[in-house]
There are 2 protein chains.
Amino acid sequence: MSTIYDVADRAGVSAKTVSRVLNGDGPVGEKTRARVNQAIRELGYVPSQAARMMRSNKSGLIGLITGAISRNAEPTEPTGLPDLHIVQGIQAHMAAQGMTLMIADTGGAQDRVKPLIQTFQEHRVEGLIYVADYHREVDLSDALASCPVHLVNCYDATGRPCVLPDDRGGQHALTKRLVAHGHRRIAYVTLDRDMDATRLRSQGYRDALAQAGIGFDPALLNEGHKQEAPDANACLARAIDHLLELSTPPTVICCGNDEMALRLYGHLRRRGMRVPEEISIAGYDNYRAIAETLFPPLTTVELPYRVMGERVAARLLAQIASGTPPVDDLCELTASPVVWRDSVTAIQT
Amino acid sequence: MSTIYDVADRAGVSAKTVSRVLNGDGPVGEKTRARVNQAIRELGYVPSQAARMMRSNKSGLIGLITGAISRNAEPTEPTGLPDLHIVQGIQAHMAAQGMTLMIADTGGAQDRVKPLIQTFQEHRVEGLIYVADYHREVDLSDALASCPVHLVNCYDATGRPCVLPDDRGGQHALTKRLVAHGHRRIAYVTLDRDMDATRLRSQGYRDALAQAGIGFDPALLNEGHKQEAPDANACLARAIDHLLELSTPPTVICCGNDEMALRLYGHLRRRGMRVPEEISIAGYDNYRAIAETLFPPLTTVELPYRVMGERVAARLLAQIASGTPPVDDLCELTASPVVWRDSVTAIQT
DNA sequence: CGATGACATGACATCGGTGTCATAGGCGAG
DNA sequence: CTCGCCTATGACACCGATGTCATGTCATCG
């Protein structure tokens, strides 16, 4: 690989002049510039970031830590939409801003985070983003970096800046929309009870019911998936049995995610029930490979992973540029719009 | 960020001695080593890769170009399994070998490949991997890099080393397995006719039939998806109508991918047909979010994306280490095993 | 005509590590 | 004793860019 000196020699100028041509600082004569550019082309010269970085102390690199890449390989838990979409959003924003992303994967092992950060530091990344696989609290206490660290899809006790999905608002909007379509008996089959998403969405569900003047019926709120349960399907089946045996069964069932809704289609089909004519179904995540492909297409709530990715990226770059973390908005909620499709029908009231 | 000289000063030694402690070359006295290590800890010193790279000319970086990250954001075409899984495999292998991966995304625009390669060159990557979203030919003629370039899930006219899925073998194995379960009328609803995967799998399908002594019936081979068709579902519906109206309808329908199979479940359900009692279904890809979650779970062929990722990574590193590209095996096919689930039943013969 | 400044260019130091070579002390062999 | 060798350490140059400062050449202006 040729250097700036090779180019300088070939063009018959000094290295500094080549540098000026490359960076456009300082004046360069027209003919000189042409000779230099020709030499660059002939040699296939590409400047070394390493050398640049040494002087400028600016790497143009952003580090990204995720379990997304490896974790999806073993989809043991139905956690919904691949968090990879968050990475998409980050990547898109960074590329647009001329930053280069270094992506590292923990392979699911928390103890790999530390060495990964070490590697990033060696490359002098200007900022770090930690992506969680689902909405939850994380502990990055051992991960002390000398650059800004932002979190997406998670938060920590030390109050690092973070971007989260608005789970409460999402389920609230969905429930409100269902009520507007005449539904009064609205069941909600949740993910694991101790997940943040479940807690927040249940709250949104109950708030919407209360605002509509509908009493909350505990019998309609079921846990459809248990972390420790060996057979997720069995758990879901029990929840459905329970709901359908009620004296006043629900007219619509909301699921904790779209995969669960997909399985629900299968269970209802086995029972010979038609969707949405006999019962409506709603999901969560807007996992398009499922929601758009199912018949009938699934009404669901968008988990705005891509947008969240773009938001952290923007916030991190803003902090790098300004030197100060976001002040009034340390933890940003991202809107989760309802995506209305054909799996929910209106109820005559 | 502190430097090696700061550490040296604090430990009361020369920079070179610190370097020796860090790299373990050359002898260092026991007490000196302890003092140096302490100074490193106290200062939180992290060596600069940039400075290292300048002397050693080894970056420890591998560049990865993909459309995977951005493309999936707009799932307009049912191309099947996210190619991201290839990236998973690459990442896993690279991490295990101590290489750092720089991932760049084309955003779907081919003209971004060139500047991305430029960026990678500036960072002096030691190798480059290009990941395609589905099995196809690519043209990287303008992308001349001064380091080894390997392709995954694609090949090019210039004969670059590549790793491909064994589409022919996969469909062949599936068909053979169906025959072994008594099926004689085996339908195959393909992806777009002009895709490499379709051509190869059709060949595998026909080969397996021929080896079983079953005549090939063109009426059983349908194109279930057309690139230019606005409504993929309508196209699939026509294909099914056509198959079920045959005087001797098929006992099993193979689909071009799992999403298509998912839609097929819906169509058959609308017709009131039970899977697999009245008709069997097989997919392709082993897209687990779908195949494992459907009811009944879907028999399919594994698209070995993760393994393919690991293979390219290994082959690229081998070339970097040896200096010579893989000779006898420039284009490696990766086995695509059948994953047997409940959507296919045995036929009494 | 000489002073003034804009323009074009180069010499040189510098960033933070590592390779090369030199040096000083200790120890066993001849 | 002293020569040779090993251990432990440091001085210094170098990798490839860029920032700083100096220098040389014109054109312009008073």
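Worth saying up front: this structure is predicted, and the values here are computed from it rather than measured. Per chain, numbering begins at 1; letters A, B, ... match sequence-line order.
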Position toward the 5' end of DNA chain C (nearest nucleotide), A:V13 or A:R124: A:V13
Between P on D:dA11 and CG on B:D9, what's the gap in Å once rounded to a whole number? 11 Å
Which of the following nucleotides, C:dG16, C:dT18, D:dG10, is nearest to the side chain of B:T17? D:dG10
Heavy-atom closest pair, residues B:I62 and B:L316: CG2-CD2, 3.9 Å
What heavy-atom pair brings B:H150 and B:Q319 nearest, and what distance separates the two atoms? NE2-OE1, 2.6 Å
Separation of D:dG16 C1' from A:L43 CG (nearest whole Å): 15 Å
B:V18 near the nucleic acid: base, sugar-phosphate alone, or nothing, with a heavy-atom cut-off under 4.0 Å? nothing
Taking it one step at a time, do B:Q118 and B:K114 satisfy side-chain contact (heavy atoms from CB on, under 4.5 Å)? CA-CA 6 Å; B:Q118 166 88 11; B:K114 205 170 178 179; over 6 Å; no
Listed pairs, N/O of protein and of nucleotides 12-15 of chain D, under 3.5 Å:
residue: D:dC14; atom: O2; partner: B:R55; partner atom: NH1; Å: 2.5

What about B:R20, does its side chain sit under 3.5 Å from the base of D:dG10 through a donor-acceptor pair? yes
Do B:T100 and B:Q49 come within less than 4.5 Å of each other through their side chains, counting heavy atoms only? no
Closest non-hydrogen atoms of A:N37 and A:V21, given as atom of the first, atom of the second and distance, are OD1-CG1, 3.7 Å
Hey, is the main chain of A:D25 close enough, under 3.5 Å, to the side chain of A:N23 for a donor-acceptor pair? no
Rounded to the nearest Å, what distance is computed from the OH atom of residue A:Y45 to the P atom of nucleotide D:dG16? 10 Å
Taking only side-chain nitrogens and oxygens of B:S19, does any of them come within less than 4.0 Å of OP1 or OP2 of C:dT18? yes
Angle between the end axes of the helix from C:dC1-D:dG30 to C:dG30-D:dC1, five pairs per end, to the nearest 10 degrees? 60°
Looking at every heavy atom in both B:L22 and B:Y45, which two are closest together, and how far apart are they? CD1-CE2, 3.7 Å
A:Y130-A:D156 side chain donor-acceptor pair, cut-off 3.5 Å: no
Quick one: B:M1 CE to C:dG17 C1', roughly how many Å, whole number? 14 Å
Return the value, rounded to whole Å, for the distance between atom CD1 of A:I40 and atom P of D:dA17. 10 Å
Are any of B:S14's side-chain N or O atoms less than 4.0 Å away from OP1 or OP2 of D:dT9? no
Length of the line joining A:K58:NZ and C:dG16:C1', which is rounded to integer Å: 18 Å
Please report the distance, rounded to the nearest Å, between CZ in B:R52 and P in C:dG19. 10 Å
To the nearest 0.5 Å, tell me how far A:M102 CE sits from A:I65 CD1. 11.0 Å
Can you see which heavy atom on A:T334 is nearest to which on A:M308, and at what distance? OG1-CG, 3.3 Å
Minimal non-hydrogen separation, B:P47 against A:R124, with atom names: O-NH1, 3.6 Å
Any residue in residues 23-34 of chain B with a heavy atom nearer than 4.0 angstrom to DNA chain C? Just list them by number, or reply none. B:N23, B:D25
